[in-house]
Amino acid sequence: MLWHQDKSSAVIVPLIFSFVNSYNMLNSDIMGFMQDKTSVYYRILEEICQEDGINLTWLSSDWLAQLDKAGVRRRILGYKADLNPAASTLVADDKYATYEVLRNEEVPVIEHVMLYEAGNCNTYVEGRNTPEYIAEYFTKNNNHIVIKPNAGQCGRGISQITSLTQIPTVLEEVFKQSFSASMCPFYKIEHEYRVVMLDGEARLAYQKNRGNDWRFNLSQGATASQVTNTELLNRLIELAKRAVVAMGLRFCSVDIVEVAGDLMIIEINSGVTIMHYLEQFPDDYEKVKAIYRDVVQKMFAE
């Protein structure tokens with residue numbers, strides 16, 4: 001669909017679409033999980049609210065948690081809590097915007113460039129939707145790139161591209177999920193890590209190990225392991241701290257990759273799920289619960 005816009009709305013429109021697509025994808029990924037009353041996440045929030053005297057009401061098919069205490073109301077939408085500024089959340093949900101912010105603050109980050117549908121004639125596209133644009137980027141990066149939904153999550157819709165003939169089919173699927181796509185060079189990622197940050201403090205860090213898939217998403221079959229190297233752990237935490245300061249986020253998870261010995265940010269998640277980790281490390285239940293308890297308490301301390 002084409003939208004009429006003047007120059008004043010050139011930035012606002014893609015940002016709105018980024019939010020809408022993030023919302024819809026988050027909705028589809030989480031609703032089934034949270035409608036299960038036996039889910040670990042549901043149980044954790046129930047326990048926290050019962051123990052802290054908070055009235056918890058589930059709305060919107062049980063994926064919107066409304067919390068009331070002493071006349072104060074807060075909400076958690078999926079895994080997104082009432083802590084992060086709205087604009088910072090939108091930036092984190094946009095891979096290209098995240099790249100731009102981190103690069104501007106000189107934080108090491110995986111490159112992303114924007115890609116729009118061929119029929120998009122809006123002024124902000126600036127030619128970033130032509131076969132020539134894609135072919136030039138493909139050639140520039142040794143005929144090996146990655147295309148992904150710009151507002152994608154959980155590793156869905158991400159494809160390696162080693163031939164230009166792949167692109168039409170890949171983009172057709174991507175644009176079903178997202179208003180825009182991102183392209184990035186193919187990086188030979190050696191390891192990937194996640195650091196959960198809350199108000200500048202690293203609350204959990206672990207390594208993500210590939211399964212049978214080339215990606216590192218726990219939801220796609222990757223496994224988690226502890227980071228036992230103290231020097232590496234310190235480097236991960238320091239980079240995560242720099243990232244959250246640059247992004248203006250209070251509660252998030254920072255995904256970091258190691259490429260040729262260098263650490264770089266690949267993604268920042270404004271909605272924090274630790275459930276797949278907890279499935280593999282059930283003994284960390286109280287540790288994970290403590291993170292979410294602190295989030296809830298900070299929400300009511302505002």
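Scope of the values below: all heavy atoms of this structure, side chains included, with no hydrogens, waters or symmetry mates.
If you check the side chains of D68 and T57, you find no donor sitting under 3.5 Å from an acceptor. In this structure, a donor-acceptor pair under 3.5 Å is present between the side chains of Y193 and E258. Side-chain contact annotation: S225 with N209, donor-acceptor N/O pair under 3.5 Å present.
Between R103 and E100 there is a salt bridge, since at least one side-chain N of the basic residue sits less than 4.0 Å from a carboxylate O of the acidic one. K176 has a carboxylate O that lies under 4.0 Å from a charged side-chain N of E173, or vice versa, which qualifies the two as a salt bridge. Between D52 and K69, none of the side-chain N atoms (NZ, or NE/NH1/NH2) sits under 4.0 Å from a carboxylate O, so this pair counts as no salt bridge.
Without hydrogens or angle criteria, S253 side chain to V272 main chain gives no donor-acceptor distance under 3.5 Å. A donor-acceptor pair is defined here as one N or O able to donate and one able to accept, closer than 3.5 Å; no such pair exists between the side chain of S180 and the backbone of L115. At distances below 3.5 Å, at least one donor-acceptor pair connects side-chain atoms of R242 with backbone N or O atoms of E106. Proximity of a side-chain donor or acceptor of Q280 to a complementary backbone N or O of A224 within less than 3.5 Å is detected. Proximity of a side-chain donor or acceptor of S60 to a complementary backbone N or O of W63 within less than 3.5 Å is not detected. Side-chain atoms of D94 come within 3.5 Å of backbone N or O of Y96 as a donor-acceptor pair.
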With side chain to side chain contact (heavy atoms under 4.5 Å, CB included) as the criterion, how do V196 and Y277 come out once you've worked through the C-alpha distance, each side chain's angles and the decisive distance to 0.1 Å? CA-CA 12 Å; V196 176; Y277 168 85; over 6 Å; no
| task | May I have the step-by-step check of side chain to side chain contact (heavy atoms under 4.5 Å, CB included) for T162 and F186, ending in yes or no? | result | CA-CA 10 Å; T162 56; F186 176 80; over 6 Å; no
- List the steps, then state whether side chain to side chain contact (heavy atoms under 4.5 Å, CB included) holds for V72 with M299. CA-CA 10 Å; V72 178; M299 286 166 54; over 6 Å; no
- [ ] Would you sort out whether S182 and K148 count as a side chain to side chain donor-acceptor pair (under 3.5 Å), showing the intermediate values?
- [x] CA-CA 5 Å; S182 287; K148 62 185 77 172; over 6 Å; no
Dump the intermediate steps for side chain to side chain contact (heavy atoms under 4.5 Å, CB included) on D93 and K80, then the final yes or no.
CA-CA 11 Å; D93 292 345; K80 296 178 184 286; 3.0 Å; yes
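In this structure, Y99 is a member of the same hydrophobic cluster as Y124, with clusters built from ILVMFWY side-chain heavy atoms closer than 4.5 Å. Taken together through direct or relayed side-chain contacts under 4.5 Å among Ile, Leu, Val, Met, Phe, Trp and Tyr, Y137 and V109 form parts of separate hydrophobic clusters. Grouping the Ile, Leu, Val, Met, Phe, Trp and Tyr side chains by contacts below 4.5 angstrom, directly or via other members, places V113 apart from V101. Linking Ile, Leu, Val, Met, Phe, Trp and Tyr whenever their side-chain heavy atoms come within less than 4.5 Å leaves V170 and V146 in two separate clusters. L171 and V125 fall into different hydrophobic clusters, defined by Ile, Leu, Val, Met, Phe, Trp and Tyr side-chain heavy atoms under 4.5 Å apart, directly or through other members.
Rounded to the nearest 0.5 angstrom, I268 CD1 and M247 CE are separated by 4.5 Å. Atom CD1 of I256 sits about 4.5 Å away from atom CD1 of I265, to the nearest 0.5 Å. Atom CD of E117 is separated from atom OG of S178 by 9.0 Å, given to the nearest 0.5 angstrom. Interatomic distance, CG of D82 versus CZ of R74, reported as 6.5 Å (0.5 Å rounding). The CG atom of L83 lies 8.5 Å from the CD1 atom of I76; values are rounded to the nearest 0.5 Å. Remark: I237 CD1 to M197 CE distance equals 7.5 Å, nearest 0.5 Å.
Side chains of K289 and I48 form a contact here, defined as non-hydrogen atoms less than 4.5 Å apart. Counting heavy atoms from C-beta outward, Y41 and T273 have side chains that stay 4.5 Å or more apart. Looking only at side-chain heavy atoms (C-beta outward), F281 and E279 stay at 4.5 Å or farther from each other. With a 4.5 Å cut-off on side-chain heavy atoms, D284 and Q226 count as touching. Looking at heavy atoms from C-beta onward, W58 lies out of side-chain contact with L64 at the 4.5 angstrom threshold. Side-chain contact between F251 and Y79 is absent, with no heavy-atom pair separated by less than 4.5 Å. A heavy-atom distance below 4.5 Å is found between the side chains of Y187 and M264. Put simply, the side chain of N120 reaches to within 4.5 Å of the side chain of F179, judged on heavy atoms.
Summarising the geometry of I147 relative to I167, their closest heavy-atom pair is CD1-CG1, 4.4 Å, with the distance given to 0.1 Å. Closest of all the heavy-atom pairs between V91 and T98 is O-OG1, 2.8 Å. Between T139 and N143, the shortest heavy-atom distance links the atoms CA-OD1, 3.6 Å. Considering every non-hydrogen atom in both A181 and V174, the closest pair reads CB-CG1, 3.7 Å. Residues E190 and A260 approach most closely at OE2-N, 2.8 Å, considering heavy atoms. The two residues L249 and T89 come nearest to each other via the heavy atoms CD2-N, 4.1 Å.
Within 6.0 Å of the CD atom in E136, the count of heavy atoms belonging to other residues, nucleotides or ligands does not exceed 12.
Put simply, the residue from Q166, M183, H144 that forms a side-chain contact (heavy atoms from CB on, under 4.5 Å) with I161 is Q166.
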